[in-house]
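This is a predicted model, so every value here is computed, not measured. Just so you know, these numbers use all the heavy atoms, side chains as well, and skip hydrogens, waters and symmetry mates. Labels below follow one simple rule: chain letters A, B, ... track the order of the sequence lines, proteins then strands, and each chain is numbered from 1.
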Protein chains: 4
Amino acid sequence: MAHAYIPRKSDKFTFGLWTVMNTGRDPFGDATRPALSGLRAITELGKRRVYSYELHAEDLVPEGSAAAKRDKIVREAKTRMADADIKATSIGCNIFYDPVFKDGGLTSHDPLIRQHTIQRYVKAIDLGAELGTTLCNVWGGREGAECDAAKDPAEGIKRFREAFNYLSEYVRGQKLKGFRLSIEPKPNEPRGDILLPTSGHVLGFIATLDHPDMVGVVPELAHVRMAGLNSYHEIAQVLECGKLFGIHLNGQKPLRFDQDLRFGAEDLKESFFVVKVIEDAQWPGTRTFDAHAYRTVDRKGVWDFVEGCMRTYLILKEKVAQFNSDLVVQGILGELSQEAPALPSPRALKAKKFDLRKLAKTRLPYEELDQRVQEILLGVVR
Amino acid sequence: MAHAYIPRKSDKFTFGLWTVMNTGRDPFGDATRPALSGLRAITELGKRRVYSYELHAEDLVPEGSAAAKRDKIVREAKTRMADADIKATSIGCNIFYDPVFKDGGLTSHDPLIRQHTIQRYVKAIDLGAELGTTLCNVWGGREGAECDAAKDPAEGIKRFREAFNYLSEYVRGQKLKGFRLSIEPKPNEPRGDILLPTSGHVLGFIATLDHPDMVGVVPELAHVRMAGLNSYHEIAQVLECGKLFGIHLNGQKPLRFDQDLRFGAEDLKESFFVVKVIEDAQWPGTRTFDAHAYRTVDRKGVWDFVEGCMRTYLILKEKVAQFNSDLVVQGILGELSQEAPALPSPRALKAKKFDLRKLAKTRLPYEELDQRVQEILLGVVR
Amino acid sequence: MAHAYIPRKSDKFTFGLWTVMNTGRDPFGDATRPALSGLRAITELGKRRVYSYELHAEDLVPEGSAAAKRDKIVREAKTRMADADIKATSIGCNIFYDPVFKDGGLTSHDPLIRQHTIQRYVKAIDLGAELGTTLCNVWGGREGAECDAAKDPAEGIKRFREAFNYLSEYVRGQKLKGFRLSIEPKPNEPRGDILLPTSGHVLGFIATLDHPDMVGVVPELAHVRMAGLNSYHEIAQVLECGKLFGIHLNGQKPLRFDQDLRFGAEDLKESFFVVKVIEDAQWPGTRTFDAHAYRTVDRKGVWDFVEGCMRTYLILKEKVAQFNSDLVVQGILGELSQEAPALPSPRALKAKKFDLRKLAKTRLPYEELDQRVQEILLGVVR
Amino acid sequence: MAHAYIPRKSDKFTFGLWTVMNTGRDPFGDATRPALSGLRAITELGKRRVYSYELHAEDLVPEGSAAAKRDKIVREAKTRMADADIKATSIGCNIFYDPVFKDGGLTSHDPLIRQHTIQRYVKAIDLGAELGTTLCNVWGGREGAECDAAKDPAEGIKRFREAFNYLSEYVRGQKLKGFRLSIEPKPNEPRGDILLPTSGHVLGFIATLDHPDMVGVVPELAHVRMAGLNSYHEIAQVLECGKLFGIHLNGQKPLRFDQDLRFGAEDLKESFFVVKVIEDAQWPGTRTFDAHAYRTVDRKGVWDFVEGCMRTYLILKEKVAQFNSDLVVQGILGELSQEAPALPSPRALKAKKFDLRKLAKTRLPYEELDQRVQEILLGVVR
């Protein structure tokens, strides 16, 4: 019998509403599952001990809804949230499905499309604030190009900047205390190349904004792996400079289209280090899963997928604790760690002699260490 | 305390001599470990309960050695093999280090370089037969191009074919009973593109030889993953058509240079299925590790690496047995499996009606199944 | 003013009907262009001097059409083909859009789904024969897995084999003279991994069939590049063994989802060598484009895309002729080429001495050669 | 006969000394070309109308050289620079070849190795200032990990920061007017993963330094492409925020080890846009080639490689001018471009109505545009 890895609210597990609303549609095939409404998704996630949900505004409120309809949906959502004891923590917009966004929203050549996109985000911030979210997260999936002649990337960045400065001012003007903005980067798909393709590029961009303190990053593991980068390193850098405003956990086999697999499904060791870096830091954010069930499974399979994401996280969290108290691991790490004296003055440093042959001989038992990690992961050491 | 995963001779673990002779030299850096002789490698591997070794002829006998020197080395090798209870099972040649091979050996434009390469393989077959190997494995690392104008790939394939037909005749002429030839494919590195880049391409090539029965494939996991392919699928196809003459086990993070990591280090689930396909088939070949220790480790780390490869294999083999008897897994697989009646005649088939909507509804609980596999791998179900 | 690269029927340019019927739907977005009927596509392609079209049976005849409706469509298609002077040369089936195929058609676990898929191919062969095609091409996009526990790849290959043996017998039984079958491989997408992922794997599979002579390969450039392989090498190997039954030309940036870009759009040098290998061989098959217009363009842009594919092919073909007569290129290639004497007997070969240092010194002026190719491509040498 | 693309000093072409000193050594093979001294490289590059060179300090002055020897080399270098009319513009250190750096220099666990590395950079800054360079460029090739348990990436970043803050203070203290520092990012190789893997990550890091104005980025095209990113986008973002302190031009086939091919050899369209972005911006930096000749070529081939890099740049620069004056291209771009009014106030924006169906219909003739670019590249439009 399996151990009991039962999620608790304090685990702060979060799912995007869209993850369970996914119907299995793909570029070569039609939906394989019936639609699920956003309202129903809230209830079902709550039942499964999920802490909160994230949403695209359109997951609940169709674009163009009249004010009365919108308000009714919001009331219903709040009732369900209370009933199912689930919060809303982050909101964004669907700036990718409608053909109007085929060449981008915030970076479209058309000033009206750019305005409409900003309008959507402004309204989403209002909606998010009503639902209790404190983050508006922007995934600019269409903000890129296949035809490089058509879109000057520097122009694209300037348009992004104008939008983020505008939205920051809006949040400040509304006095939405603690409300922040974020960008979720992705290297490509659905566009041939997407602007601000990695967390690094977003960090560089944020430094050029009017209110850099209000804007952060939401890295998604699969997106990092699509560029062959190390998601543990990615998150560690974002965390180190105080910019980890959220995280999207999932699985991805490199060298492929965006798979959005169940967390941990294809990259156990890297997933382990991702859990480690956020748990060791006691990072206060939600552990959000942004993935979807295989297209082959039915509705029941969607809930298997939800449970699987959370179970794998809890298993890996347990293994992080084991790693942190394992005598072999800690013995090696202790051996590697050395007191770092202050750097000498340039004059003293220039004169200093180093015995390179001796320094090269320090033992770095990384095969032993990595194998130990593997065996902790495989559950054969206790 | 760790479980005891102690290798036995019956596990048929094999290492290339070159794997432990590796000194840590890389494209940007010098050797970090002292040299280890091939003879010493034989002894050290034997001590660690390794079943057999593979070699490049040059690992033991430097090219150009006089006959007397060669024979002395062979005698010494045999003595050590007997002392350490270790066999030799496969031989190849180093057709990559010497600058003469910079544009290929078997596919060089220069007929003399081609002849020299074949000479090396002929001599290696003799040496291998003396040492008891029954396979001559060809890794044509230099048989490719960066400048496509310079090398007609069809011409390259014809040259490969001439060589394999020649070597096959040689083996037949020598009456080396049971002795066979194989090709180990790789997509690129050190060349920009290498001919016969995957096991599939080798299978296609073998079908065009004079003695296709004598030639097989030795897939290497890292090489499969460098092309983003699934190594479990690769090996299953080669095995299914009777062409798995050997296997080179290691680890690789995709989207990178050839890493040759410790088996299992970067791809636990795929490694598990590789172990499963060869164990379930009771495949009689050796389980050969073709990898090397991190450049950061010293000589001791090399032996940690050797132990780690074997331990991980044994752990995964144990998990294969668990998978094969797990009630959840086998319940799902049983549900999926259906008796397959013979296909109707074309006339009957054309007339047959199928209820596609009903057929589309069959439950495929793959999220549950894959999560169960994950939890078996993570050691949290027993 | 641009040169006139006007296609002629003798250029044998072909488009899949689906390429111009594409509406711009993608995994994250809805259609951006109105639907185009298959019949209309025939006429429009014919008008643009296209030699022939390929089709999925379903592009013209919806699955489940009554016989009368089907026959009416076929008559209408033939009329349009005559009117627009365009042939049909290859047929396949859409075994990917309908949810019933979510876990494969020919390799589904369900024997009824397998039978239905074969039924579709049998009917497609009949339809193809009526329209004048001589090839039934199978793209098994759903024949793969994301959850390796669920699908034994060896079992999948056996099911593929049963299907191809059945279809081969059917073609023989129908006495469809010259009618052949082919497989178009792809490594992944829409499945995590697809069986028979490259042309090589298909060649290996064909060698195990009952009628290997009847089955060939249709490589697609983008699919080759998705695995990081060299499409020139891929096609050369397939051609060398007589198995190039078709070709699907397009463009692809590696490390991305399947882009299906306009031919030549992302890989000019490799595209040049692909044109070279098929033109130099005077390969008699059709030059088929399997790609689609950017999702950003309207219907007019679709026809720009069609013209662009053909123009780029004609430009590259002209450059192939230039390469073949360029004195610099041919001078270098002549220098490289050497008479190849017959291989000596093993005894003589073993005794032969080679001066490796001298052999290593042969001049291989590949920088000069490759730069010359670049300048031919760039149009700065005449 | 070829057009004359003769480099001039005003083209500001630069080569790393190491590029022509490269002997063809690779992970699987020995040197194929004799060594070339750094001093000789200066003279030979100057002869070929190269504007300046970059160097690793060790290319000229072996680590551990006595002061007298160092000074003699510096004098000789200056004499050669004057004789051959070539400048030195950027310096770095070789922190990768010596085994002491096997686990990093600036990020090593060992404080003494870190100090030694900083010492090298301090001395390199002195040397660079003497030779006339105004940039010290850091490529931290060893600053990464294969075993993620062994190296905390956040710790690595802190160590990087300490070093850059120290070096910035040193430059300020020395009053080296206009002297700046830069980082050249790379995702992997020789390490499994390298810290600060892309230009974006470097930009994010710079924002956290004591003197962010003194530190910039030197993107290398091949490194960008190894992560599947778009090098045009990469450089545009770095340029847009004023951080393009240098550029390393070369060619790379994605999905492969670091090839360092001749500029333009594998990616003509992307190379074109890279030339375009820096020429259109009248960027004042040097156009530096960081690549090496194929291992197959001899010393003569190295100079072919040097000429090829510069010729291709000049050809592409000419095509940039053609693009900028081409009526078809500029007509389409003009059509796309629209006056951008100031954004309305939030209140006004929220109330604004947008006709999405109409906005979605704007013509975006990107197939025509991209094909035009292709034909300019192919030299068939004038």
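- Contact of D:A227 with chain B is not made at all, since no heavy-atom distance falls under 4.5 Å.
- Residues passing the ring-ring contact (aromatic ring centres under 6.0 Å, His included) test with D:Y121, sequence neighbours excluded: none.
- Of the two parts of B:A31, only the backbone, made up of N, CA, C and O, holds a non-hydrogen atom closer than 4.5 Å to a non-hydrogen atom of chain D.
- Considering only residues two or more places apart in sequence or on other chains, D:Y294 meets the ring-ring contact (aromatic ring centres under 6.0 Å, His included) condition with none of them.
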Please table the atom pairs, donor to acceptor, closer than 3.5 Å between any side-chain atom in residues 95-102 of chain B and protein atoms at least two apart or in another chain.
from   : atom 1 : to     : atom 2 : distance (Å)
B:D98  : OD1    : B:V100 : N      : 2.8
B:D98  : OD1    : C:R357 : NH2    : 2.7
B:K102 : NZ     : C:A360 : O      : 2.9

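- One finds no salt bridge joining B:R295 and D:D103 here, because no Lys/Arg side-chain nitrogen approaches an Asp/Glu carboxylate oxygen to under 4.0 Å.
- With a 4.5 Å cut-off on side-chain heavy atoms, B:F257 and D:D258 do not count as touching.
- Contacts with chain D were tallied for B:G192, B:G228, B:A150; B:G192 has the most, counting heavy-atom pairs under 4.5 Å.
- Ionic pairing of B:D26 and D:R142 is present here: one or more N-O contacts between side-chain nitrogen and carboxylate oxygen are shorter than 4.0 angstrom.
- Comparing B:T32, B:T296, B:N94, B:L255 by how many heavy-atom pairs each has under 4.5 Å with chain D, the most go to B:T296.
- You'll find the side chain of D:K253 reaches within 4.5 Å of the side chain of B:D193, heavy atoms only.
- In this structure a side-chain-to-backbone donor-acceptor pair under 3.5 Å is missing from B:R256 to D:P187.
- B:R25 CZ to D:F28 CZ: the interatomic distance, rounded to the nearest 0.5 Å, is 10.0 Å.
- D:E189 and B:P27 get closest at one heavy-atom pair: OE2-CG, 3.8 Å.
- Proximity to chain D (any heavy atom under 4.5 Å) is restricted, for B:Q259, to the side chain, taken from C-beta onward.
- Contact residues of residues 261-271 of chain B toward chain D are B:E266 (heavy-atom distance under 4.5 Å).
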